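Everything below concerns the one structure shown next.
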Amino acid sequence: MDKLIVHGNSTLKGTINISGSKNASLPILAAALLTDEPCIIRRVPDVSDTNYMLQILRALGADVERSSGTVRIHAANIVPEAPYDLVRRMRASICVMGPLLARLGQACVSLPGGCVIGDRPVDLHLKGLKGLGADIDVEGGNMHFTAPNGLKGCEIDLSGKHGPTVLGTDNLMMAAVLAEGRTIIESAACEPEVVDLADFLIQMGAKIEGAGTRRITIDGVGSLKGVDYTVIPDRIEAGTFMVAGVMAGDGVTLNRVNRDHLAATTRVLLESGHLVEFNEAGDRVTVRPGEAPQGCNITTAPFPGFPTDMQAQFTAMLATTSGISVVEDTIFPQRFMQCAELKRMGADIRVDNGTAIVTGVESLSGAPVMASDLRASAALVLAGLRARGKTEILRVYHIDRGYEHIDEKILQLGGAVERVRE
Ligand code: EPZ
């Protein structure tokens, strides 16, 4: 297993390009199952999560070719069963359920396990697909879906106790585009990645209105065609490097961003006293540390609120920002795995029932730390860049799930980081 060695007191400066969005790519790759024509999808980041998805599509019978960021998928003849040994590795593989059911009238996908950020139920996905007329039988850890009378449009409210569901909205949308009649999704997720999937489906010939709002209307069509599509920039990678730029930078510029997708992240950076400047087009941003940054409070919320996927990175920033900050994760209340490791580096954080009380300290000290999940691991890299001395981050495969060549990008910005293959 590789480890990353991050040398502290780095000063990041210069410009990098942000990759395509992992969380937009995953459902869009699955949506290529909805047509028997070839699809070209561009700017798919080369991370293990997207590569798992490509393996699943191949196992389902699709022809898949990748050359750097461009993927060609031709799902001419496919089978309904996704292989357990691949599905169990990545929760997002559940977003093949909707397309398989829509295309084949049946699907068999293993129940995704939980993960360190919390229990990952799929009840809302099942509620949506049942609403369209699917029969669901859970047997031996697998979910067997059949639609003996085909899928028929319906009106479904998809809200759960933690709010809307991103992949649940995706699955229902992908099943509904080939269903008979009209489907209305109430309490739909509004994340930019959901809008990107809707745009991909519309380009394929789907009839979808309201993506990006809480109410999405889908009118089923007979079939969909192959398309050539470019996914949106990764707003979480961009946000992560914006935090790097204020923690350990002196002028970091990011190309290929989308200002509208970064509004909540930008708001908190400004509130904390840092400098954030977008160009006119909003596709380039430069960040600089403020003169006297102050702690601030953060509560995660569904888009357009503050993203839970940025919570760990901001906890690392607040750990070295003077003042007391309260960070609450309403979406994944257990998502504070980074805090124990940050405390090993000298952070002063108390975690209690979905909230972290962070008291800023003057500095952190480098230490061997353990990556645990994707965003917590990114937070440890940020802390290592700011800390005194050397930080060794073990189990780097967690970071490689969602950050494309993170070490190369840090080196490009002048940071001192090395990947050690073990
Ligand atoms: C997506 O996961 C993202 N993953 C996650 O990013 C992100 O943290 C999450 O949305 C929230 O924004 C991808 O897009 C691949 P949810 P998803 O269904 O769709 C509960 C990362 O770091 N819920 O929106 O699986 C759930 O427990 C990853 O890139 C139900 O109760 O998340 C959570 O509390 C991590 N029942 C809340 O809803 C369900 O059937 C939101 O989850 C489904 C979800």
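Predicted model only: the values in this text are computed from it and were never measured. One-based numbering, in listed order, for ligands and for the atoms of each.
Against a heavy-atom cut-off of under 4.0 Å, Ile331 is close to the following atoms of ligand 1: 33 (C), 34 (O), 37 (C), 41 (C). Atoms of ligand 1 lying under 4.0 Å from at least one heavy atom of Arg335, given by number and element, are 8 (O), 22 (O), 35 (C). Close approach of ligand 1 to His162 (heavy-atom distance below 4.0 Å) involves ligand atoms 34 (O), 37 (C). In the vicinity of Pro164, heavy-atom distances shorter than 4.0 Å reach the ligand 1 atoms 24 (O), 41 (C). Within the listing of ligand 1, atoms 15 (C) sit less than 4.0 angstrom from a heavy atom of Ala92. Counting the atoms of ligand 1 from 1 in the order shown, those under 4.0 Å from a heavy atom of Leu124 are 30 (C), 36 (N), 39 (C), 40 (O).
Within the 4.0 Å cut-off (strictly below), a protein heavy atom is located near atom 30 (C) of ligand 1.
Distances shorter than 4.0 angstrom do not occur between any heavy atom of Gly163 and any atom of ligand 1. Ligand 1 lies less than 4.0 angstrom from a heavy atom belonging to His125. Within the structure, the closest approach of Pro121 to ligand 1 falls below 4.0 Å when heavy atoms are considered. Heavy atoms of Gly160 stay at 4.0 angstrom or farther from ligand 1. Glu237 does not count as a contact of ligand 1, since none of its heavy atoms falls under 4.0 Å from the ligand.
With a 4.0 Å heavy-atom cut-off, ligand 1 is reached by no atom of Met90. Contacts between Glu193 and ligand 1, counted as non-hydrogen atom pairs separated by less than 4.0 Å, are absent for every part of the residue. At a heavy-atom distance under 4.0 Å, no atom of Phe303 approaches ligand 1. Residue contacts with ligand 1 for Lys22 involve side-chain atoms from C-beta outward but no N, CA, C or O (heavy atoms, distance under 4.0 Å).
Looking at ligand 1, you won't find any N or O of Glu191 less than 3.5 Å from one of its N or O atoms. Polar contact check, Thr308 against ligand 1: no nitrogen or oxygen pair lies under 3.5 Å apart. Remark: ligand 1 and Leu374 share no N or O pair separated by less than 3.5 Å (distance only, no angle test).
Atom CZ of Arg401 and atom CZ of Arg89 lie 11.0 Å apart (nearest 0.5 Å).
Nearest approach of Gly366 to Thr391, heavy atoms of both residues: CA-OG1, 3.2 Å.
Gln313 and Thr240 share a donor-acceptor pair across their side chains, judged by distance under 3.5 Å alone.
Judged by distance alone, the side chain of Ser272 and the main-chain N or O of Leu269 form no donor-acceptor pair under 3.5 Å.
Among all protein heavy atoms, the one lying closest to atom 42 (O) of ligand 1 is Phe332 CZ, 4.1 Å.
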